[in-house]
Amino acid sequence: MEFFKIKQDIPFMRHALVFNVISLVTFLLAVFFLATRGLNFGVDFTGGTVMEVNYPQAADLHKIRTTLETAGYKDVTVQNFGTSRDVLIRLPAKTVVGTGGDTNGARLSEAVMQSLQQDVPQVELRRTEFVGPQVGQELVEGGGLALIVVCFGIVVYLWLRFEWKFGLAAIIANMHDVVIILGFFAFFQWDFSLTVLAAVLAILGYSVNESVVVFDRIRENFRKLRGLDTPQIIDNAITSTMSRTIITHGA
(Lines give C-alpha, C1' and ligand atoms only; values in the text may rest on other atoms or scores of the structure.)
Protein backbone atom coordinates (compact mmCIF):
# COMPACT_ATOMS: atom_id res chain seq x y z
CA MET A 1 0.00 0.00 0.00
CA GLU A 2 1.31 3.43 -0.98
CA PHE A 3 -0.32 6.78 -0.26
CA PHE A 4 2.20 8.53 -2.47
CA LYS A 5 5.34 7.82 -4.49
CA ILE A 6 8.48 9.94 -4.36
CA LYS A 7 10.19 10.08 -7.74
CA GLN A 8 13.52 11.58 -6.67
CA ASP A 9 15.60 9.99 -3.92
CA ILE A 10 15.89 12.01 -0.69
CA PRO A 11 19.57 12.37 0.34
CA PHE A 12 19.20 10.98 3.87
CA MET A 13 22.79 9.76 4.07
CA ARG A 14 24.11 13.25 3.33
CA HIS A 15 22.82 14.26 6.78
CA ALA A 16 23.63 10.96 8.49
CA LEU A 17 26.04 12.59 10.95
CA VAL A 18 23.44 15.11 12.14
CA PHE A 19 20.79 12.40 12.49
CA ASN A 20 23.20 10.15 14.38
CA VAL A 21 24.15 12.93 16.79
CA ILE A 22 20.46 13.68 17.48
CA SER A 23 19.75 9.99 18.03
CA LEU A 24 22.78 9.54 20.30
CA VAL A 25 21.93 12.58 22.44
CA THR A 26 18.30 11.50 22.75
CA PHE A 27 19.35 7.95 23.62
CA LEU A 28 21.83 9.10 26.28
CA LEU A 29 19.22 11.41 27.83
CA ALA A 30 16.76 8.50 27.97
CA VAL A 31 19.35 6.28 29.65
CA PHE A 32 20.16 9.09 32.12
CA PHE A 33 16.51 9.51 33.14
CA LEU A 34 16.05 5.75 33.41
CA ALA A 35 19.12 5.54 35.66
CA THR A 36 18.28 8.56 37.85
CA ARG A 37 14.49 8.60 37.99
CA GLY A 38 13.60 5.06 37.02
CA LEU A 39 10.24 3.82 35.81
CA ASN A 40 7.11 4.57 37.80
CA PHE A 41 5.84 0.99 37.99
CA GLY A 42 2.08 0.69 38.33
CA VAL A 43 0.00 -1.57 40.52
CA ASP A 44 0.57 -4.47 38.11
CA PHE A 45 4.25 -4.54 39.10
CA THR A 46 4.41 -3.08 42.61
CA GLY A 47 1.27 -4.65 44.07
CA GLY A 48 -1.83 -2.83 45.25
CA THR A 49 -5.56 -2.59 44.71
CA VAL A 50 -7.48 -1.88 41.51
CA MET A 51 -11.10 -0.75 41.81
CA GLU A 52 -13.71 -0.12 39.14
CA VAL A 53 -16.55 2.15 40.23
CA ASN A 54 -19.61 3.49 38.43
CA TYR A 55 -21.15 6.95 38.81
CA PRO A 56 -24.75 7.92 37.94
CA GLN A 57 -23.40 10.78 35.80
CA ALA A 58 -20.08 11.80 34.25
CA ALA A 59 -17.41 11.48 36.94
CA ASP A 60 -15.27 14.43 38.02
CA LEU A 61 -11.82 12.80 38.04
CA HIS A 62 -10.09 15.78 39.69
CA LYS A 63 -12.60 15.83 42.52
CA ILE A 64 -12.20 12.05 43.03
CA ARG A 65 -8.41 12.43 43.29
CA THR A 66 -8.78 15.28 45.77
CA THR A 67 -11.22 13.28 47.89
CA LEU A 68 -8.92 10.26 48.03
CA GLU A 69 -5.82 12.33 48.77
CA THR A 70 -7.67 14.09 51.58
CA ALA A 71 -8.61 10.67 52.98
CA GLY A 72 -4.90 9.73 53.06
CA TYR A 73 -4.45 7.73 49.84
CA LYS A 74 -1.34 9.01 48.10
CA ASP A 75 -0.19 8.50 44.47
CA VAL A 76 -3.62 7.24 43.45
CA THR A 77 -4.26 6.81 39.72
CA VAL A 78 -7.79 7.79 38.67
CA GLN A 79 -8.94 7.47 35.06
CA ASN A 80 -12.03 6.81 33.00
CA PHE A 81 -12.65 3.22 32.05
CA GLY A 82 -14.83 2.68 29.00
CA THR A 83 -17.31 5.53 29.57
CA SER A 84 -17.25 8.87 31.37
CA ARG A 85 -19.28 7.31 34.21
CA ASP A 86 -16.95 4.36 34.79
CA VAL A 87 -13.78 5.09 36.76
CA LEU A 88 -10.71 2.93 37.36
CA ILE A 89 -8.86 3.60 40.61
CA ARG A 90 -5.39 2.18 41.26
CA LEU A 91 -3.96 2.31 44.77
CA PRO A 92 -0.32 1.17 45.11
CA ALA A 93 0.23 -0.85 48.27
CA LYS A 94 3.41 1.01 49.16
CA THR A 95 1.69 4.41 49.19
CA VAL A 96 -1.55 3.58 50.98
CA VAL A 97 -1.65 5.36 54.31
CA GLY A 98 -4.69 5.99 56.39
CA THR A 99 -5.71 2.32 56.65
CA GLY A 100 -3.29 1.46 59.45
CA GLY A 101 -1.02 -0.31 56.98
CA ASP A 102 -3.83 -2.69 56.05
CA THR A 103 -3.47 -3.80 52.42
CA ASN A 104 -6.41 -6.21 52.45
CA GLY A 105 -8.27 -5.60 49.21
CA ALA A 106 -11.79 -5.94 50.64
CA ARG A 107 -11.23 -3.63 53.63
CA LEU A 108 -9.39 -1.09 51.53
CA SER A 109 -12.13 -0.98 48.90
CA GLU A 110 -14.75 -0.48 51.62
CA ALA A 111 -12.80 2.42 53.08
CA VAL A 112 -12.35 4.00 49.65
CA MET A 113 -16.03 3.60 48.82
CA GLN A 114 -17.00 5.28 52.09
CA SER A 115 -14.86 8.27 51.14
CA LEU A 116 -16.35 8.45 47.65
CA GLN A 117 -19.94 8.04 48.84
CA GLN A 118 -19.60 11.07 51.07
CA ASP A 119 -19.58 13.17 47.89
CA VAL A 120 -21.78 10.98 45.65
CA PRO A 121 -23.94 8.49 47.61
CA GLN A 122 -25.04 6.71 44.39
CA VAL A 123 -21.55 5.59 43.37
CA GLU A 124 -21.31 1.80 42.96
CA LEU A 125 -18.39 -0.60 43.21
CA ARG A 126 -18.18 -2.88 40.15
CA ARG A 127 -15.09 -4.94 40.92
CA THR A 128 -11.97 -5.06 43.09
CA GLU A 129 -8.65 -6.75 42.36
CA PHE A 130 -5.65 -7.06 44.64
CA VAL A 131 -2.15 -7.71 43.29
CA GLY A 132 0.41 -8.87 45.84
CA PRO A 133 4.03 -7.61 45.80
CA GLN A 134 5.29 -11.11 45.01
CA VAL A 135 3.14 -11.30 41.90
CA GLY A 136 4.35 -7.84 40.91
CA GLN A 137 7.99 -8.89 41.23
CA GLU A 138 7.34 -11.93 39.05
CA LEU A 139 5.78 -9.67 36.42
CA VAL A 140 8.84 -7.39 36.44
CA GLU A 141 11.14 -10.37 35.93
CA GLY A 142 8.86 -11.87 33.30
CA GLY A 143 8.59 -8.58 31.41
CA GLY A 144 12.36 -8.10 31.38
CA LEU A 145 12.87 -11.67 30.22
CA ALA A 146 10.33 -11.13 27.43
CA LEU A 147 12.28 -8.11 26.14
CA ILE A 148 15.58 -10.02 26.21
CA VAL A 149 14.12 -13.05 24.41
CA VAL A 150 12.48 -10.86 21.74
CA CYS A 151 15.72 -8.94 21.11
CA PHE A 152 17.72 -12.18 20.86
CA GLY A 153 15.17 -13.62 18.45
CA ILE A 154 15.38 -10.51 16.28
CA VAL A 155 19.15 -10.75 15.97
CA VAL A 156 19.05 -14.46 15.10
CA TYR A 157 16.26 -13.99 12.53
CA LEU A 158 17.97 -11.10 10.72
CA TRP A 159 21.32 -12.85 10.92
CA LEU A 160 19.88 -15.92 9.17
CA ARG A 161 17.85 -13.93 6.64
CA PHE A 162 20.48 -11.31 5.76
CA GLU A 163 23.90 -10.98 7.40
CA TRP A 164 25.14 -10.52 10.95
CA LYS A 165 25.76 -6.84 10.17
CA PHE A 166 22.06 -6.35 9.44
CA GLY A 167 21.12 -8.12 12.66
CA LEU A 168 23.45 -5.93 14.71
CA ALA A 169 22.22 -2.74 13.01
CA ALA A 170 18.58 -3.73 13.52
CA ILE A 171 18.94 -4.47 17.22
CA ILE A 172 20.72 -1.13 17.79
CA ALA A 173 18.02 0.76 15.89
CA ASN A 174 15.12 -1.08 17.52
CA MET A 175 16.50 -0.84 21.08
CA HIS A 176 17.06 2.85 20.35
CA ASP A 177 13.29 3.20 19.80
CA VAL A 178 12.40 1.24 22.94
CA VAL A 179 14.89 2.98 25.24
CA ILE A 180 13.76 6.45 24.15
CA ILE A 181 10.12 5.54 24.83
CA LEU A 182 11.06 4.20 28.27
CA GLY A 183 13.06 7.39 28.81
CA PHE A 184 9.91 9.45 28.26
CA PHE A 185 8.08 7.33 30.83
CA ALA A 186 10.94 7.85 33.29
CA PHE A 187 11.15 11.62 32.68
CA PHE A 188 7.41 12.30 33.01
CA GLN A 189 6.93 9.53 35.60
CA TRP A 190 3.98 8.12 33.70
CA ASP A 191 2.44 4.95 35.10
CA PHE A 192 4.19 1.88 33.65
CA SER A 193 1.72 -1.00 33.58
CA LEU A 194 1.34 -4.32 31.79
CA THR A 195 -0.58 -2.52 29.05
CA VAL A 196 2.39 -0.23 28.47
CA LEU A 197 4.76 -3.21 28.40
CA ALA A 198 2.56 -4.84 25.75
CA ALA A 199 2.64 -1.59 23.76
CA VAL A 200 6.45 -1.44 23.99
CA LEU A 201 6.70 -5.00 22.67
CA ALA A 202 4.29 -4.06 19.86
CA ILE A 203 6.46 -1.07 18.94
CA LEU A 204 9.48 -3.35 18.90
CA GLY A 205 7.60 -5.61 16.51
CA TYR A 206 6.71 -2.70 14.22
CA SER A 207 10.34 -1.53 14.23
CA VAL A 208 11.59 -4.99 13.30
CA ASN A 209 9.06 -5.24 10.49
CA GLU A 210 10.15 -1.87 9.15
CA SER A 211 13.83 -2.81 9.40
CA VAL A 212 13.27 -6.04 7.47
CA VAL A 213 11.51 -4.17 4.65
CA VAL A 214 14.26 -1.55 4.33
CA PHE A 215 17.06 -4.13 4.56
CA ASP A 216 15.35 -6.27 1.92
CA ARG A 217 15.15 -3.26 -0.41
CA ILE A 218 18.83 -2.46 0.23
CA ARG A 219 19.79 -6.03 -0.66
CA GLU A 220 17.78 -5.80 -3.90
CA ASN A 221 19.37 -2.45 -4.78
CA PHE A 222 22.88 -3.85 -4.40
CA ARG A 223 21.96 -6.38 -7.10
CA LYS A 224 20.06 -4.02 -9.44
CA LEU A 225 21.71 -0.61 -9.01
CA ARG A 226 25.35 -1.55 -9.52
CA GLY A 227 26.32 1.91 -10.76
CA LEU A 228 25.46 3.63 -7.46
CA ASP A 229 27.57 3.86 -4.34
CA THR A 230 26.41 2.60 -0.93
CA PRO A 231 24.92 5.91 0.39
CA GLN A 232 22.89 6.34 -2.82
CA ILE A 233 21.62 2.75 -2.58
CA ILE A 234 20.52 3.31 1.02
CA ASP A 235 18.86 6.63 0.08
CA ASN A 236 16.91 4.88 -2.68
CA ALA A 237 15.82 2.06 -0.33
CA ILE A 238 14.57 4.46 2.35
CA THR A 239 12.86 6.78 -0.15
CA SER A 240 11.10 3.95 -2.01
CA THR A 241 9.65 2.60 1.27
CA MET A 242 8.81 6.05 2.71
CA SER A 243 5.05 5.74 2.21
CA ARG A 244 4.99 2.40 3.99
CA THR A 245 7.21 3.78 6.76
CA ILE A 246 4.77 6.62 7.43
CA ILE A 247 1.87 4.15 7.63
CA THR A 248 3.81 1.86 9.98
CA HIS A 249 5.08 4.58 12.32
CA GLY A 250 1.73 6.32 12.26
CA ALA A 251 0.14 3.08 13.46
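Since this is a predicted model, take the numbers as computed values, not measurements.
Judged by distance alone, the side chains of Arg244 and Asn209 do bring a donor and an acceptor atom under 3.5 Å apart. Side-chain contact annotation: Glu129 with Thr49, donor-acceptor N/O pair under 3.5 Å absent.
Identified under the side chain to side chain donor-acceptor pair (under 3.5 Å) test for residues 9-35, with sequence neighbours left out: Asp9-Asn236. The stretch residues 177-203 participates, sequence neighbours left out, in these side chain to side chain donor-acceptor pair (under 3.5 Å) pairs: Asp177-Ser207.
Met242 places a side-chain heavy atom less than 4.5 Å from the side chain of Phe12. Side-chain contact between Arg37 and Phe187 is present, with heavy atoms from C-beta onward closer than 4.5 Å. Within the 4.5 Å cutoff, the side chain of Gln232 has no heavy atoms near those of the Leu225 side chain. A heavy-atom distance below 4.5 Å is found between the side chains of Val78 and Val76. Using a 4.5 Å heavy-atom cutoff, the side chains of Val87 and Phe81 are not in contact. Proximity of Arg65 to Leu61: side-chain heavy atoms (C-beta onward) are separated by under 4.5 Å at one or more points. For the pair Leu88 and Met51, the minimum side-chain heavy-atom distance is 4.5 Å or more. Using a 4.5 Å cut-off on side-chain heavy atoms (C-beta onward), Asn54 and Val123 make no contact.
A distance of 7.5 Å separates CD of Gln114 from CD of Gln117, quoted to the nearest 0.5 Å. Separating the CD1 atom in Ile203 from the CD1 atom in Ile180 is a distance of 11.5 Å, to the nearest 0.5 Å. Rounded to the nearest 0.5 Å, atoms CG (Asp119) and OG1 (Thr67) are 4.0 Å apart. In this structure, the separation between CZ on Arg217 and CD1 on Ile234 is 14.0 Å, given to the nearest 0.5 Å. Within the model, atoms CG of Asp60 and OH of Tyr55 stand 9.0 Å from one another, a figure rounded to the nearest 0.5 Å. Separation of atoms CG (Asp229) and CE (Met13) is listed at 9.5 Å; rounding is to 0.5 Å.
In this structure, the side chain of Ser115 engages the main chain of Ala111 through a donor-acceptor pair within 3.5 Å. When atom types are taken as modelled, the side chain of Arg85 and the backbone of Ala58 share no donor-acceptor pair closer than 3.5 angstrom. Remark: side-chain polar atoms of Thr239 are paired, donor with acceptor, to backbone N or O of Ile10 under 3.5 angstrom.
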Using the rule given for side chain to side chain contact (heavy atoms under 4.5 Å, CB included), can you reason through Leu197 versus Phe192, listing the C-alpha separation, both sets of side-chain angles and the distance that settles it, and then say yes or no?
CA-CA 7 Å; Leu197 176 60; Phe192 191 87; 4.3 Å; yes

Take Val50 and Ile89, measure what side chain to side chain contact (heavy atoms under 4.5 Å, CB included) needs, and give me the verdict at the end.
CA-CA 6 Å; Val50 179; Ile89 302 174; over 6 Å; no

Take Ile64 and Leu116, measure what side chain to side chain contact (heavy atoms under 4.5 Å, CB included) needs, and give me the verdict at the end.
CA-CA 7 Å; Ile64 295 173; Leu116 296 178; 3.8 Å; yes

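Other residues, nucleotides and ligands contribute more than 12 heavy atoms inside 6.0 Å of the CZ atom of Phe19. Residue Gln57 places its CD atom among more than 12 non-hydrogen atoms of other residues, nucleotides or ligands, all under 6.0 Å distant.
Seen from the ring of Phe41, Arg90 does not count as a face-on cation partner, given the 6.0 Å and 45° thresholds.
Looking at every heavy atom in both residues, Arg127 comes nearest to Leu125 through O-CD1, 3.5 Å.
Residues satisfying the salt bridge (charged side-chain N to carboxylate O under 4.0 Å, His left out) criterion with Glu124, sequence neighbours excluded, are absent altogether.
By the rule that hydrophobic residues join a cluster once side-chain heavy atoms approach within less than 4.5 Å of another member, Leu201 and Leu34 end up as members of one cluster. Residues Phe27 and Leu29 fall within the same hydrophobic cluster, defined by Ile, Leu, Val, Met, Phe, Trp and Tyr side chains chained together at heavy-atom separations under 4.5 Å. There is a path of hydrophobic side-chain contacts, each under 4.5 Å, that joins Leu182 to Val25. Under the 4.5 Å side-chain heavy-atom criterion for Ile, Leu, Val, Met, Phe, Trp and Tyr, Ile172 and Ile22 are members of distinct hydrophobic clusters. Under the 4.5 Å side-chain heavy-atom criterion for ILVMFWY residues, no single connected hydrophobic cluster contains both Leu145 and Val179.
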